[in-house]
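Side-chain atoms are counted along with the backbone in the values below, which use heavy atoms only and exclude waters and symmetry mates. Residue numbers start from 1 in every chain, and the chains themselves are labelled A, B, ... in the order their sequence lines are given, proteins ahead of strands.
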Number of protein chains: 2
Amino acid sequence: MGTTERREREKLRRKNEIIDSAERVFFSKGLDQSTMDDVAAEAELSKGTLYLYFKSKEELYLAVNERGFQILQTLFSEAISIEQNGLDKIRAIGQAYFKFAQQYSDYFNAMLYYESRDIDFSIENSCARACEEVGTETLKIVASAIQTGIVDGSIRSDLDPFKTAVVLWGQSSGIVQVHTLKGQHFQEKHKIKPEEIMQLSLEMMARSLQV
Amino acid sequence: MGTTERREREKLRRKNEIIDSAERVFFSKGLDQSTMDDVAAEAELSKGTLYLYFKSKEELYLAVNERGFQILQTLFSEAISIEQNGLDKIRAIGQAYFKFAQQYSDYFNAMLYYESRDIDFSIENSCARACEEVGTETLKIVASAIQTGIVDGSIRSDLDPFKTAVVLWGQSSGIVQVHTLKGQHFQEKHKIKPEEIMQLSLEMMARSLQV
DNA sequence: ATAATTTTATGACTATCAGTCATTCGATTA
DNA sequence: TAATCGAATGACTGATAGTCATAAAATTAT
C-alpha cells in the first residue's frame, strides 16, 4: 500500500503549516517576543509537536528565512531577464534587492538576523544548509550578470565575477541594513531620506564596476 | 564637604569596573552564553548590584560597545591625519576599519550585534544614546575627509559628503560583516580568501568616489 | 560619641520560556 | 478484534533576566 507516501506528504504539509504559523507569529510580534507556545497556539498544535518537526526555535526561524531567500532569488532572476547589458542587469538586481527590502520587509528583517549571526552550518540536513544553498544560488545569479557585463564590455574585465558578486552582496546588505534599522533615526536626526542613501549607493556601486 | 563629588567618582569607577567584568565575560563566552550571574561573579558583586548601574543586560552590553566605537573613532582620527589628499584619507579610513575588525574582533563582533538590532534610542541617558553619539562623530570624520577630497580635487564634487559617508559606512560594515561571519565558510566552500574580498571592496569604494 | 538618615549592596524569589519525555491517541496492519 | 507503530500531547525541568524586601555601610545630624 502507498500509505507511507501519503504519510510523507502529510508530514511535509504539516511542516509547512507550522512554518506558516511561525511566520505569522514572528512577523507580528518580532522573533524575540515570540514564544514557541505562541507558535504552537497559532498552529493549533502542542509545543511538543513543533519539536517533532524542528529541533529548535532557530531552525524554525531559519525555515521562515529560507522562504525569503527564495523570493529574493525569484526577484533577481526576473531582474536579469529584463535587461540586456551586464551592467544594467546588475543595476536591476540592486533595485530588486532594495525593492525586496521594502516590499517584503518582514522577510528582509528576518534575513538581517540571519546575516548578522554566526549560524551553525555543521549539522546535516538543517534549515541553515538550505538557506546557504539558496543564498549561493542567488550569488551565482549576480556573478553571471557580471560575467555577461565583462563579455559585452559594460563592466571592466579585471574583476573576478564571483568575488565581485560577494563584495556587491556585502555592500548592499550593509546599506539596506542601515536603511532598515537606522533609516528613520537618520531621517529625524540628520534630515537624510533613506531612499536617497539607497539610490546613491546603487549609483556608486555601478560606477565601481564601470570600465 | 566634597563628599558628593568623591561618591560620584566612586560610582563611576564601579560602573567602569562592571563594564570591565562584563567585557571579559562577554568576550570569552559570547553574549548569548553569558549570564548576568556570570558578570556579577566576575565583578565580585551580586546580581542586584549590576541592576543599580545598568537597567538591563542590553544596556550593559551597549556600554561595552561604546568602548569599541571610541577605539574606532581614534583609529579613524589617526588614519586621516597621516594622509594628505582626501581620497587617500578615505582609503586609510577603510584600511583602519578593516584593521579594527581584525585586531579588535571582540569589539567588532559586539558592534555587529549593535548594527543589526533595532535598538531603542528613546530612553534618556541610555547607553544607546552614547553609542549613537560616538557613531555620529565617527561618521563626521569620514564626511570631513570626503569634503577635503572634493576641495583638493581627488574626489568628485557632485557628492554630498555626509550622505556619501553614510553610504561608505553601510557598505563597509556589510563587507566586514560578511568577512567576519561568513568568511571562513566562504573560504572552505568557494576558496575565496576573506582578505581579498576586503581589499577588492576597498578598491571598488575608492573608485566610486573618483572624478 | 550616638542616633538618624541616606546610599549602596545583597541574594532569595518570581516570571518566563526553550526544550524534554513519559504517556495517550489514532490510524494501519495482522 | 487485537497488536503495532507513528503522531501528538502537555505537564515538567532547567536556565536565567529582572525584582524587591532587607541588611550593611557610609554619611550627616544631634
Side-chain angles (χ1 to χ4, degrees), chain A residues 1-22 25-26 28-65 113 117 119-120 123 126-128, chain B residues 1-22 25-26 28-65 113 117 119-120 123 126-128:
Chain A
M1 276 159 252
T3 321
T4 8
E5 286 150 43
R6 196 209 54 206
R7 266 220 288 270
E8 206 84 344
R9 267 203 316 282
E10 284 180 350
K11 201 161 179 173
L12 194 67
R13 188 159 50 81
R14 169 107 329 157
K15 194 167 179 167
N16 277 310
E17 283 167 5
I18 292 174
I19 302 176
D20 291 340
S21 305
V25 174
F26 291 166
S28 72
K29 308 178 69 172
L31 182 70
D32 288 342
Q33 307 314 314
S34 304
T35 71
M36 287 300 265
D37 281 306
D38 290 338
V39 177
E42 177 73 28
E44 292 171 306
L45 289 168
S46 72
K47 184 160 63 166
T49 307
L50 300 188
Y51 285 91
L52 292 179
Y53 292 86
F54 298 93
K55 72 174 217 304
S56 67
K57 189 181 174 181
E58 173 164 304
E59 278 261 309
L60 181 49
Y61 164 77
L62 285 171
V64 172
N65 216 337
Y113 177 95
R117 292 258 158 173
I119 306 283
D120 178 23
I123 301 118
S126 75
C127 296
Chain B
M1 275 158 254
T3 320
T4 10
E5 285 151 44
R6 195 210 56 211
R7 264 220 291 268
E8 206 82 342
R9 266 201 319 280
E10 283 180 349
K11 199 161 181 175
L12 194 67
R13 185 158 53 81
R14 169 111 325 160
K15 192 167 181 170
N16 276 310
E17 282 167 6
I18 292 175
I19 302 175
D20 291 340
S21 306
V25 174
F26 290 168
S28 72
K29 308 179 70 174
L31 182 69
D32 288 343
Q33 308 313 314
S34 306
T35 71
M36 289 300 265
D37 281 307
D38 291 336
V39 176
E42 177 73 28
E44 292 172 307
L45 288 168
S46 72
K47 182 160 66 164
T49 306
L50 300 187
Y51 284 91
L52 293 177
Y53 291 86
F54 299 92
K55 74 174 215 304
S56 70
K57 190 181 176 185
E58 172 164 305
E59 278 260 309
L60 181 49
Y61 163 77
L62 285 172
V64 172
N65 215 338
Y113 177 93
R117 290 256 158 175
I119 307 283
D120 177 24
I123 300 114
S126 77
C127 296

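- Taking atom CG of residue Leu12(A) and atom C1' of nucleotide dA7(D), one finds them 16 Å apart after rounding to whole Å.
- For Arg7(B) and dT28(D), the CZ to P distance is 6 Å, given to the nearest whole Å.
- With rounding to the nearest 0.5 angstrom, the CG atom of Asp32(B) is 6.5 Å from the NZ atom of Lys57(B).
- Residue Leu60(B) contributes atom CG, which lies 13 Å from atom C1' of dG18(D) at whole-angstrom precision.
- In Lys29(B), the NZ atom is crowded: over 12 heavy atoms of neighbouring residues, nucleotides or ligands sit closer than 6.0 Å.
- Rounded to whole Å, atom P of dG11(C) lies 13 Å from atom CD of Glu44(B).
- Residue contacts shown for Tyr53(B) are limited to sugar-phosphate atoms, with no base heavy atom under 4.0 Å away.
- Between the OG atom in Ser56(B) and the CE atom in Met36(B) there is a gap of 7.0 Å [rounded to 0.5 Å].
- Between Leu52(A) atom CG and dG10(D) atom P there is a gap of 13 Å when expressed in whole angstrom units.
- With sequence neighbours excluded, the residues that form a ring pair (Phe, Tyr, Trp, His ring centres under 6.0 Å) with Tyr61(A) are Tyr113(A).
- dG6(D) atom P lies 19 Å from atom CG of Leu45(A), rounded to whole Å.
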**OP:** Can you check each nucleotide of nucleotides 13-19 of chain C against protein heavy atoms at under 4.0 Å and return B for base, S for sugar-phosphate only, - for none, in 5' to 3' order?
**Re:** ----SBB

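- Per the geometry, CD belonging to Glu8(A) stands 14 Å off C1' belonging to dA7(D), to the nearest Å.
- The side chain of Ser46(B) places no N or O atom within less than 4.0 Å of a non-bridging phosphate oxygen (OP1 or OP2) of dA9(C).
- Map Gly48(B) and Lys11(B) each onto its nearest nucleotide of DNA chain C; the residue landing nearer the 5' end is Lys11(B).
- A salt bridge is absent between Glu10(A) and Arg14(A); no separation between the charged side-chain nitrogens and carboxylate oxygens falls under 4.0 Å.
- Distance CZ (Arg13(B)) to P (dT8(C)): 13 Å, rounded to an integer number of Å.
- Atom CD of Glu58(A) is separated from atom CG of Asn65(A) by 10.0 Å, given to the nearest 0.5 angstrom.
- Between the side chain of Asp38(B) and the main chain of Thr35(B), a donor-acceptor pair closer than 3.5 Å is present.
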